[in-house]
Amino acid sequence: MITEEFEPTTDTVEEEASVEACTKCTACNTVCPVARSTDIFRGPKALGPDMERFRSPQEAAVTPGLDLCSGCKLCEVTCPSQVSIQEYIRRAQNQGAREKGRSLRDWVLGRTRLLGKLGSMTAPLANFGNSNPLFRVLMERFVGIHRRRPLPKYQWLTFERWFRRHPRPVKPRRKVAYFYGCWVNYNDRRLGERAVAVLERNGIEVVVPRQQCCGIPAVVNSNMDLARRYGQENVRHLTPIVEEMDIVASSTSCGLMLKHDYGHLLEIPGSERLGAKTYDIMEYLWMLHEAGELDLNFETVPMRLLYHAPCHLKSHGIGYPAMRLLKLIPGVKLEEVDEGCCGISGTFGVKVEKYDLSMKIGSRLFAAVKAAGSDQVLADCETCRMQVEHGTGATSAHPLEILARAYGHG
(Lines give C-alpha, C1' and ligand atoms only; values in the text may rest on other atoms or scores of the structure.)
Protein backbone atom coordinates (compact mmCIF):
# COMPACT_ATOMS: atom_id res chain seq x y z
CA MET A 1 0.00 0.00 0.00
CA ILE A 2 1.38 3.37 -0.94
CA THR A 3 -0.29 5.07 2.00
CA GLU A 4 1.65 2.98 4.52
CA GLU A 5 4.93 4.09 2.97
CA PHE A 6 4.30 7.65 1.86
CA GLU A 7 2.84 10.54 3.80
CA PRO A 8 0.43 12.29 1.41
CA THR A 9 0.67 16.06 1.13
CA THR A 10 -3.01 16.42 0.31
CA ASP A 11 -5.57 17.74 2.74
CA THR A 12 -8.60 15.88 4.00
CA VAL A 13 -12.08 17.14 4.72
CA GLU A 14 -12.04 18.55 8.22
CA GLU A 15 -14.41 17.52 10.97
CA GLU A 16 -17.62 19.50 10.70
CA ALA A 17 -18.95 21.87 13.34
CA SER A 18 -22.45 21.94 14.83
CA VAL A 19 -25.25 24.17 13.62
CA GLU A 20 -24.52 26.62 16.44
CA ALA A 21 -21.16 27.42 14.83
CA CYS A 22 -22.93 29.19 11.93
CA THR A 23 -22.17 32.92 12.30
CA LYS A 24 -24.61 33.93 9.51
CA CYS A 25 -21.75 35.35 7.46
CA THR A 26 -23.59 34.27 4.25
CA ALA A 27 -20.38 33.10 2.57
CA CYS A 28 -22.30 29.95 1.58
CA ASN A 29 -24.99 32.00 -0.16
CA THR A 30 -22.45 33.90 -2.26
CA VAL A 31 -21.01 30.72 -3.79
CA CYS A 32 -24.27 28.75 -4.09
CA PRO A 33 -24.90 28.28 -7.85
CA VAL A 34 -28.63 27.80 -7.33
CA ALA A 35 -29.09 30.94 -5.18
CA ARG A 36 -27.16 32.92 -7.79
CA SER A 37 -29.52 31.76 -10.53
CA THR A 38 -32.99 31.98 -9.00
CA ASP A 39 -34.69 34.06 -6.34
CA ILE A 40 -36.96 31.15 -5.44
CA PHE A 41 -34.15 29.34 -3.62
CA ARG A 42 -33.59 30.87 -0.19
CA GLY A 43 -29.97 29.80 -0.01
CA PRO A 44 -28.00 27.21 1.99
CA LYS A 45 -27.78 29.34 5.14
CA ALA A 46 -31.55 29.70 5.44
CA LEU A 47 -32.43 26.11 4.48
CA GLY A 48 -29.50 24.54 6.34
CA PRO A 49 -28.43 25.97 9.73
CA ASP A 50 -31.22 28.57 10.08
CA MET A 51 -34.04 26.07 9.59
CA GLU A 52 -32.23 23.30 11.45
CA ARG A 53 -32.57 25.22 14.70
CA PHE A 54 -36.35 24.83 14.42
CA ARG A 55 -36.55 21.27 13.09
CA SER A 56 -37.42 18.35 15.28
CA PRO A 57 -38.31 14.71 14.61
CA GLN A 58 -41.95 15.48 15.44
CA GLU A 59 -42.31 18.38 13.00
CA ALA A 60 -42.78 18.43 9.24
CA ALA A 61 -39.50 18.88 7.38
CA VAL A 62 -40.97 20.09 4.10
CA THR A 63 -39.76 23.65 3.53
CA PRO A 64 -40.48 25.69 0.37
CA GLY A 65 -37.47 25.61 -1.96
CA LEU A 66 -35.71 22.82 -0.07
CA ASP A 67 -35.78 20.49 -3.10
CA LEU A 68 -33.87 23.06 -5.20
CA CYS A 69 -30.62 22.34 -3.37
CA SER A 70 -28.53 20.61 -6.04
CA GLY A 71 -26.09 18.99 -3.60
CA CYS A 72 -22.96 20.55 -5.11
CA LYS A 73 -21.46 21.03 -1.58
CA LEU A 74 -19.80 24.35 -2.46
CA CYS A 75 -21.44 25.83 0.66
CA GLU A 76 -19.58 23.38 2.89
CA VAL A 77 -16.30 23.96 1.06
CA THR A 78 -16.66 27.71 1.61
CA CYS A 79 -18.03 27.80 5.18
CA PRO A 80 -15.32 29.34 7.43
CA SER A 81 -16.85 27.62 10.47
CA GLN A 82 -16.91 24.10 8.93
CA VAL A 83 -20.68 23.77 9.42
CA SER A 84 -22.11 20.68 7.69
CA ILE A 85 -24.73 22.68 5.78
CA GLN A 86 -25.40 20.01 3.18
CA GLU A 87 -25.97 17.34 5.76
CA TYR A 88 -28.73 19.36 7.43
CA ILE A 89 -30.39 19.97 4.07
CA ARG A 90 -30.11 16.32 2.98
CA ARG A 91 -31.57 15.01 6.22
CA ALA A 92 -34.48 17.45 5.94
CA GLN A 93 -35.09 16.41 2.31
CA ASN A 94 -35.08 12.77 3.34
CA GLN A 95 -37.52 13.38 6.16
CA GLY A 96 -39.76 15.39 3.83
CA ALA A 97 -39.78 12.55 1.29
CA ARG A 98 -40.76 10.10 4.01
CA GLU A 99 -43.66 12.34 4.99
CA LYS A 100 -45.06 13.18 1.56
CA GLY A 101 -43.87 10.11 -0.39
CA ARG A 102 -41.44 9.69 -3.28
CA SER A 103 -42.28 10.00 -6.97
CA LEU A 104 -41.72 7.17 -9.46
CA ARG A 105 -38.98 9.28 -11.06
CA ASP A 106 -37.04 9.77 -7.84
CA TRP A 107 -37.45 6.05 -7.03
CA VAL A 108 -35.94 5.14 -10.41
CA LEU A 109 -33.15 7.75 -10.42
CA GLY A 110 -32.05 6.67 -6.96
CA ARG A 111 -31.39 3.13 -8.22
CA THR A 112 -28.65 3.72 -10.79
CA ARG A 113 -27.26 0.18 -10.59
CA LEU A 114 -30.66 -1.40 -11.20
CA LEU A 115 -31.26 1.02 -14.07
CA GLY A 116 -27.80 0.21 -15.44
CA LYS A 117 -28.41 -3.55 -15.30
CA LEU A 118 -31.68 -3.23 -17.20
CA GLY A 119 -30.23 -0.73 -19.69
CA SER A 120 -27.17 -2.89 -20.31
CA MET A 121 -29.21 -6.08 -20.83
CA THR A 122 -31.39 -4.30 -23.40
CA ALA A 123 -28.74 -1.86 -24.70
CA PRO A 124 -29.89 -1.46 -28.35
CA LEU A 125 -33.53 -1.05 -27.33
CA ALA A 126 -32.75 1.20 -24.34
CA ASN A 127 -30.48 3.44 -26.42
CA PHE A 128 -33.10 3.70 -29.16
CA GLY A 129 -35.76 4.68 -26.63
CA ASN A 130 -33.55 7.24 -24.90
CA SER A 131 -32.90 9.01 -28.22
CA ASN A 132 -36.33 8.65 -29.81
CA PRO A 133 -38.25 11.98 -29.76
CA LEU A 134 -41.68 10.37 -29.30
CA PHE A 135 -40.47 8.16 -26.45
CA ARG A 136 -38.80 11.17 -24.81
CA VAL A 137 -42.07 13.11 -24.90
CA LEU A 138 -43.80 10.19 -23.18
CA MET A 139 -40.92 9.92 -20.69
CA GLU A 140 -41.28 13.59 -19.86
CA ARG A 141 -45.06 13.33 -19.51
CA PHE A 142 -45.21 10.20 -17.35
CA VAL A 143 -41.84 10.05 -15.60
CA GLY A 144 -40.67 13.68 -15.42
CA ILE A 145 -37.38 13.42 -17.34
CA HIS A 146 -36.89 16.49 -19.55
CA ARG A 147 -37.16 15.64 -23.24
CA ARG A 148 -34.10 17.74 -24.22
CA ARG A 149 -31.72 16.22 -21.67
CA PRO A 150 -29.37 13.75 -23.41
CA LEU A 151 -29.23 10.46 -21.55
CA PRO A 152 -26.14 8.24 -21.40
CA LYS A 153 -25.86 5.29 -23.74
CA TYR A 154 -25.76 1.80 -22.29
CA GLN A 155 -23.23 -0.84 -23.32
CA TRP A 156 -23.92 -4.54 -23.51
CA LEU A 157 -20.39 -5.56 -22.47
CA THR A 158 -20.02 -4.23 -18.92
CA PHE A 159 -16.70 -3.35 -17.30
CA GLU A 160 -17.16 -6.21 -14.83
CA ARG A 161 -17.42 -8.76 -17.63
CA TRP A 162 -14.49 -7.20 -19.53
CA PHE A 163 -12.30 -7.31 -16.45
CA ARG A 164 -12.96 -10.99 -15.81
CA ARG A 165 -11.33 -11.72 -19.19
CA HIS A 166 -8.44 -9.30 -18.64
CA PRO A 167 -5.04 -10.99 -18.06
CA ARG A 168 -3.26 -10.14 -14.80
CA PRO A 169 0.15 -8.41 -14.92
CA VAL A 170 3.28 -10.40 -14.08
CA LYS A 171 5.20 -9.44 -10.91
CA PRO A 172 3.39 -6.19 -9.98
CA ARG A 173 4.96 -3.87 -7.39
CA ARG A 174 1.65 -3.02 -5.73
CA LYS A 175 -2.06 -3.87 -5.69
CA VAL A 176 -4.96 -1.45 -5.66
CA ALA A 177 -8.72 -2.02 -5.59
CA TYR A 178 -10.74 -0.14 -8.20
CA PHE A 179 -14.17 1.27 -7.30
CA TYR A 180 -15.38 1.73 -10.87
CA GLY A 181 -18.94 2.84 -10.13
CA CYS A 182 -22.14 2.46 -12.15
CA TRP A 183 -21.01 4.86 -14.89
CA VAL A 184 -17.92 2.88 -15.91
CA ASN A 185 -19.69 -0.45 -15.58
CA TYR A 186 -22.77 0.29 -17.64
CA ASN A 187 -22.04 3.43 -19.70
CA ASP A 188 -18.30 4.00 -20.22
CA ARG A 189 -16.35 0.75 -20.03
CA ARG A 190 -13.45 2.28 -21.96
CA LEU A 191 -12.71 4.69 -19.11
CA GLY A 192 -12.34 1.69 -16.81
CA GLU A 193 -10.11 -0.05 -19.34
CA ARG A 194 -7.85 3.00 -19.44
CA ALA A 195 -7.76 3.25 -15.66
CA VAL A 196 -6.54 -0.33 -15.53
CA ALA A 197 -4.01 0.32 -18.32
CA VAL A 198 -2.54 3.40 -16.58
CA LEU A 199 -2.25 1.65 -13.22
CA GLU A 200 -0.69 -1.46 -14.76
CA ARG A 201 1.77 0.69 -16.72
CA ASN A 202 2.98 1.85 -13.32
CA GLY A 203 3.44 -1.67 -11.99
CA ILE A 204 0.17 -1.84 -10.07
CA GLU A 205 -2.12 -4.86 -10.20
CA VAL A 206 -5.78 -3.86 -10.24
CA VAL A 207 -8.28 -5.80 -8.15
CA VAL A 208 -12.00 -5.37 -8.80
CA PRO A 209 -13.88 -6.19 -5.61
CA ARG A 210 -17.60 -6.88 -5.32
CA GLN A 211 -19.37 -3.54 -4.99
CA GLN A 212 -22.75 -1.84 -4.93
CA CYS A 213 -23.76 1.64 -6.18
CA CYS A 214 -21.96 4.22 -4.01
CA GLY A 215 -25.36 5.61 -3.00
CA ILE A 216 -25.09 9.22 -4.09
CA PRO A 217 -27.97 8.97 -6.63
CA ALA A 218 -30.17 7.83 -3.75
CA VAL A 219 -28.95 10.67 -1.49
CA VAL A 220 -29.70 13.37 -4.06
CA ASN A 221 -33.14 11.87 -4.69
CA SER A 222 -34.03 12.17 -1.01
CA ASN A 223 -33.63 8.51 -0.10
CA MET A 224 -30.86 8.35 2.49
CA ASP A 225 -32.27 5.08 3.83
CA LEU A 226 -31.56 3.39 0.49
CA ALA A 227 -28.14 5.08 0.27
CA ARG A 228 -27.30 3.79 3.74
CA ARG A 229 -28.17 0.22 2.69
CA TYR A 230 -25.91 0.53 -0.35
CA GLY A 231 -23.17 2.07 1.79
CA GLN A 232 -23.41 -0.67 4.41
CA GLU A 233 -23.04 -3.27 1.66
CA ASN A 234 -19.95 -1.53 0.29
CA VAL A 235 -18.41 -1.17 3.74
CA ARG A 236 -18.98 -4.89 4.33
CA HIS A 237 -17.33 -5.87 1.02
CA LEU A 238 -14.48 -3.35 0.99
CA THR A 239 -13.36 -3.07 4.60
CA PRO A 240 -11.42 -6.38 4.59
CA ILE A 241 -9.68 -5.29 1.37
CA VAL A 242 -8.30 -2.02 2.77
CA GLU A 243 -6.19 -4.00 5.22
CA GLU A 244 -4.15 -5.09 2.20
CA MET A 245 -4.43 -2.31 -0.37
CA ASP A 246 -5.73 1.18 -1.14
CA ILE A 247 -8.95 1.87 -3.06
CA VAL A 248 -9.13 4.26 -6.02
CA ALA A 249 -12.24 5.72 -7.66
CA SER A 250 -12.46 7.34 -11.10
CA SER A 251 -15.67 9.22 -10.27
CA THR A 252 -15.26 12.19 -7.94
CA SER A 253 -18.76 11.74 -6.54
CA CYS A 254 -18.35 8.00 -5.84
CA GLY A 255 -14.99 8.67 -4.20
CA LEU A 256 -16.46 11.42 -2.03
CA MET A 257 -19.16 9.08 -0.78
CA LEU A 258 -16.62 6.46 0.26
CA LYS A 259 -14.18 8.99 1.70
CA HIS A 260 -16.51 11.25 3.61
CA ASP A 261 -20.26 10.77 3.35
CA TYR A 262 -20.49 7.16 4.58
CA GLY A 263 -19.11 8.30 7.90
CA HIS A 264 -20.51 11.82 8.20
CA LEU A 265 -23.82 11.92 6.33
CA LEU A 266 -24.93 8.27 6.50
CA GLU A 267 -23.21 7.48 9.82
CA ILE A 268 -22.30 3.92 8.78
CA PRO A 269 -20.36 2.16 11.54
CA GLY A 270 -16.87 1.09 10.50
CA SER A 271 -16.70 3.34 7.45
CA GLU A 272 -13.84 5.50 8.78
CA ARG A 273 -11.12 3.00 7.86
CA LEU A 274 -12.58 2.61 4.36
CA GLY A 275 -12.71 6.39 3.91
CA ALA A 276 -9.13 6.86 5.04
CA LYS A 277 -7.85 4.38 2.45
CA THR A 278 -9.90 5.67 -0.52
CA TYR A 279 -8.41 8.01 -3.13
CA ASP A 280 -9.49 9.74 -6.28
CA ILE A 281 -7.52 8.01 -9.03
CA MET A 282 -5.77 11.22 -10.15
CA GLU A 283 -4.92 11.98 -6.52
CA TYR A 284 -3.41 8.50 -6.18
CA LEU A 285 -1.35 8.85 -9.35
CA TRP A 286 -0.04 12.22 -8.18
CA MET A 287 0.98 10.59 -4.91
CA LEU A 288 2.87 8.01 -6.96
CA HIS A 289 4.64 10.86 -8.76
CA GLU A 290 5.57 12.55 -5.49
CA ALA A 291 6.96 9.21 -4.30
CA GLY A 292 9.09 9.05 -7.46
CA GLU A 293 7.22 6.00 -8.77
CA LEU A 294 5.18 7.37 -11.67
CA ASP A 295 6.38 6.33 -15.12
CA LEU A 296 7.21 9.62 -16.86
CA ASN A 297 8.01 8.14 -20.28
CA PHE A 298 5.13 9.95 -21.95
CA GLU A 299 4.48 10.25 -25.66
CA THR A 300 3.82 13.77 -26.93
CA VAL A 301 0.12 14.70 -26.91
CA PRO A 302 -0.30 17.90 -28.97
CA MET A 303 -3.65 19.17 -27.65
CA ARG A 304 -5.13 22.43 -26.30
CA LEU A 305 -7.28 21.39 -23.36
CA LEU A 306 -9.59 23.10 -20.91
CA TYR A 307 -10.03 21.73 -17.40
CA HIS A 308 -13.28 22.15 -15.45
CA ALA A 309 -13.01 21.26 -11.75
CA PRO A 310 -16.21 19.48 -10.59
CA CYS A 311 -17.85 20.77 -7.41
CA HIS A 312 -17.48 17.39 -5.67
CA LEU A 313 -13.76 17.31 -6.48
CA LYS A 314 -13.43 20.59 -4.56
CA SER A 315 -15.06 18.86 -1.58
CA HIS A 316 -12.25 16.28 -1.55
CA GLY A 317 -9.88 19.04 -0.41
CA ILE A 318 -7.06 17.70 -2.63
CA GLY A 319 -6.62 20.56 -5.07
CA TYR A 320 -6.54 19.65 -8.76
CA PRO A 321 -4.21 16.64 -9.13
CA ALA A 322 -5.36 16.09 -12.72
CA MET A 323 -3.98 19.47 -13.79
CA ARG A 324 -0.67 18.81 -12.05
CA LEU A 325 -0.35 15.42 -13.75
CA LEU A 326 -1.32 16.53 -17.24
CA LYS A 327 1.19 19.37 -17.18
CA LEU A 328 3.91 16.70 -17.04
CA ILE A 329 2.93 15.47 -20.52
CA PRO A 330 4.87 17.03 -23.43
CA GLY A 331 2.68 18.81 -25.96
CA VAL A 332 -0.29 19.33 -23.64
CA LYS A 333 -1.43 22.95 -23.37
CA LEU A 334 -3.82 23.03 -20.43
CA GLU A 335 -5.88 25.86 -18.97
CA GLU A 336 -8.46 25.88 -16.21
CA VAL A 337 -11.90 27.23 -17.03
CA ASP A 338 -12.97 28.68 -13.67
CA GLU A 339 -16.61 29.62 -14.22
CA GLY A 340 -18.31 27.75 -11.40
CA CYS A 341 -20.75 24.85 -11.35
CA CYS A 342 -21.82 23.24 -14.64
CA GLY A 343 -25.37 22.98 -13.25
CA ILE A 344 -26.31 19.35 -13.78
CA SER A 345 -25.38 18.01 -10.31
CA GLY A 346 -25.99 14.36 -11.13
CA THR A 347 -29.70 13.76 -11.67
CA PHE A 348 -30.71 17.32 -10.65
CA GLY A 349 -30.58 18.70 -14.21
CA VAL A 350 -32.34 15.66 -15.66
CA LYS A 351 -35.67 16.54 -14.03
CA VAL A 352 -38.23 18.40 -16.08
CA GLU A 353 -38.81 21.19 -13.55
CA LYS A 354 -35.05 21.76 -13.01
CA TYR A 355 -33.66 21.43 -16.54
CA ASP A 356 -33.88 25.15 -17.38
CA LEU A 357 -32.35 26.12 -14.04
CA SER A 358 -29.47 23.68 -14.53
CA MET A 359 -28.73 25.18 -17.95
CA LYS A 360 -28.89 28.70 -16.51
CA ILE A 361 -26.43 27.74 -13.76
CA GLY A 362 -24.02 26.35 -16.35
CA SER A 363 -24.38 29.26 -18.79
CA ARG A 364 -21.20 31.08 -17.67
CA LEU A 365 -19.18 27.91 -18.09
CA PHE A 366 -20.72 27.23 -21.49
CA ALA A 367 -19.84 30.74 -22.72
CA ALA A 368 -16.25 30.41 -21.51
CA VAL A 369 -15.81 27.02 -23.19
CA LYS A 370 -17.20 28.31 -26.48
CA ALA A 371 -14.94 31.37 -26.34
CA ALA A 372 -11.83 29.30 -25.60
CA GLY A 373 -12.21 27.05 -28.65
CA SER A 374 -10.03 24.24 -27.26
CA ASP A 375 -9.72 20.68 -28.60
CA GLN A 376 -11.46 19.09 -25.61
CA VAL A 377 -12.89 19.89 -22.17
CA LEU A 378 -11.73 17.73 -19.28
CA ALA A 379 -13.64 17.01 -16.09
CA ASP A 380 -13.29 14.26 -13.47
CA CYS A 381 -17.09 13.91 -13.11
CA GLU A 382 -19.18 12.03 -15.67
CA THR A 383 -22.29 14.19 -15.45
CA CYS A 384 -20.18 17.38 -15.73
CA ARG A 385 -18.84 16.02 -19.00
CA MET A 386 -22.40 15.31 -20.20
CA GLN A 387 -23.52 18.81 -19.29
CA VAL A 388 -20.57 20.55 -20.98
CA GLU A 389 -21.14 18.59 -24.18
CA HIS A 390 -24.86 19.39 -24.09
CA GLY A 391 -24.36 23.09 -23.33
CA THR A 392 -21.51 23.76 -25.76
CA GLY A 393 -21.33 21.06 -28.40
CA ALA A 394 -17.68 20.49 -27.42
CA THR A 395 -16.21 17.05 -26.81
CA SER A 396 -15.19 16.10 -23.28
CA ALA A 397 -13.11 13.47 -21.53
CA HIS A 398 -11.88 12.33 -18.14
CA PRO A 399 -8.29 13.59 -17.53
CA LEU A 400 -7.25 9.96 -17.17
CA GLU A 401 -7.93 9.47 -20.87
CA ILE A 402 -5.22 11.99 -21.76
CA LEU A 403 -2.79 10.25 -19.43
CA ALA A 404 -3.63 6.91 -21.05
CA ARG A 405 -3.06 8.45 -24.48
CA ALA A 406 0.38 9.67 -23.35
CA TYR A 407 1.13 6.04 -22.45
CA GLY A 408 0.12 4.92 -25.95
CA HIS A 409 -3.47 3.87 -25.24
CA GLY A 410 -5.31 5.99 -27.81
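In what follows, every heavy atom counts, from backbone to side chain, and hydrogens, waters and symmetry copies are set aside. Bear in mind that the values here come from a model prediction, so they are computed numbers and not experimental data.
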Just verifying a value: how many Å separate [X] [atom1] and [Y] [atom2], rounded to the nearest 0.5 Å?
X	Y	atom1	atom2	value
R189	S120	CZ	OG	9.5 Å
C72	I344	SG	CD1	13.5 Å
H409	E299	NE2	CD	9.0 Å
Y307	L334	OH	CG	9.0 Å
C213	R229	SG	CZ	12.0 Å
D67	D106	CG	CG	9.0 Å

Tell me whether [X] contacts the main-chain N or O of [Y] through its side chain, where contact means a donor paired with an acceptor under 3.5 Å.
X	Y	value
N185	F159	yes
N29	K45	yes
S396	L378	no
R194	L400	no
E200	P169	no
E339	V337	no
R201	G408	no
R147	V137	no
R174	I204	no
S81	V83	no

Under a 4.5 Å cut-off applied to non-hydrogen side-chain atoms, are [X] and [Y] in contact?
X	Y	answer
I241	V207	no
F41	C69	yes
N187	M386	no
L238	F179	yes
C381	L313	no
L157	R165	yes
R173	E293	yes
P399	M282	yes

Would you tell me whether [X] and [Y] have side-chain atoms, one donor and one acceptor, within less than 3.5 Å of each other?
X	Y	answer
R90	Q93	yes
E76	S315	no
T252	H312	no
N221	T347	yes
D50	Y88	no
Y178	S250	yes
N130	Y154	no

Looking at [Y] and [X], is any side-chain nitrogen of the basic one under 4.0 Å from a carboxylate oxygen of the acidic one?
X	Y	value
E160	R113	yes
R105	E353	yes
R91	E87	yes
E140	R148	no
K277	D246	yes

Closest contact, heavy atoms only, [X] versus [Y]:
X	Y	value
L258	C214	CD1-CB, 4.3 Å
C28	I85	CB-CD1, 3.8 Å
N127	S131	O-OG, 3.0 Å
Q387	S358	NE2-O, 3.3 Å
V220	P217	CG2-O, 3.4 Å
V34	S70	CG2-OG, 3.9 Å

Steps toward side-chain hydrogen bond (donor to acceptor under 3.5 Å, both in side chains) verdict (N94, R102)
CA-CA 10 Å; N94 189 62; R102 297 182 175 89; 3.2 Å; yes
Would you sort out whether K314 and Y320 count as a side chain to side chain contact (heavy atoms under 4.5 Å, CB included), showing the intermediate values?
CA-CA 8 Å; K314 295 173 182 174; Y320 303 162; 3.4 Å; yes
[X] atom [atom1], over 12 foreign heavy atoms within 6.0 Å:
X	atom1	answer
R161	CZ	yes
E335	CD	no
L328	CG	yes

Does V176 form a side chain to side chain contact (heavy atoms under 4.5 Å, CB included) with Y279? I'd like the steps, not just the answer.
CA-CA 10 Å; V176 70; Y279 298 86; over 6 Å; no
Could you go through the side chain to side chain contact (heavy atoms under 4.5 Å, CB included) check for Y407 and N202 one step at a time?
CA-CA 10 Å; Y407 282 142; N202 286 282; 3.4 Å; yes
In sequence, state the C-alpha distance, the side-chain angles, and the governing distance for H289 and L296, and then conclude on side chain to side chain contact (heavy atoms under 4.5 Å, CB included).
CA-CA 9 Å; H289 174 61; L296 297 176; 3.9 Å; yes
Could you give me the CA-CA distance, side-chain angles and deciding distance for D188 and Y180, then say whether side-chain hydrogen bond (donor to acceptor under 3.5 Å, both in side chains) is met?
CA-CA 10 Å; D188 191 3; Y180 47 85; over 6 Å; no
My understanding is that only residues two or more places apart in sequence, or in another chain, count here; which of them pass salt bridge (charged side-chain N to carboxylate O under 4.0 Å, His left out) with R111?
none
What pairs of donor and acceptor atoms, side-chain ones from residues 359-366 against any protein atom, are under 3.5 angstrom apart with sequence neighbours left out?
residue	atom	partner	partner atom	Å
K360	NZ	S37	O	2.8
S363	OG	K360	O	2.7

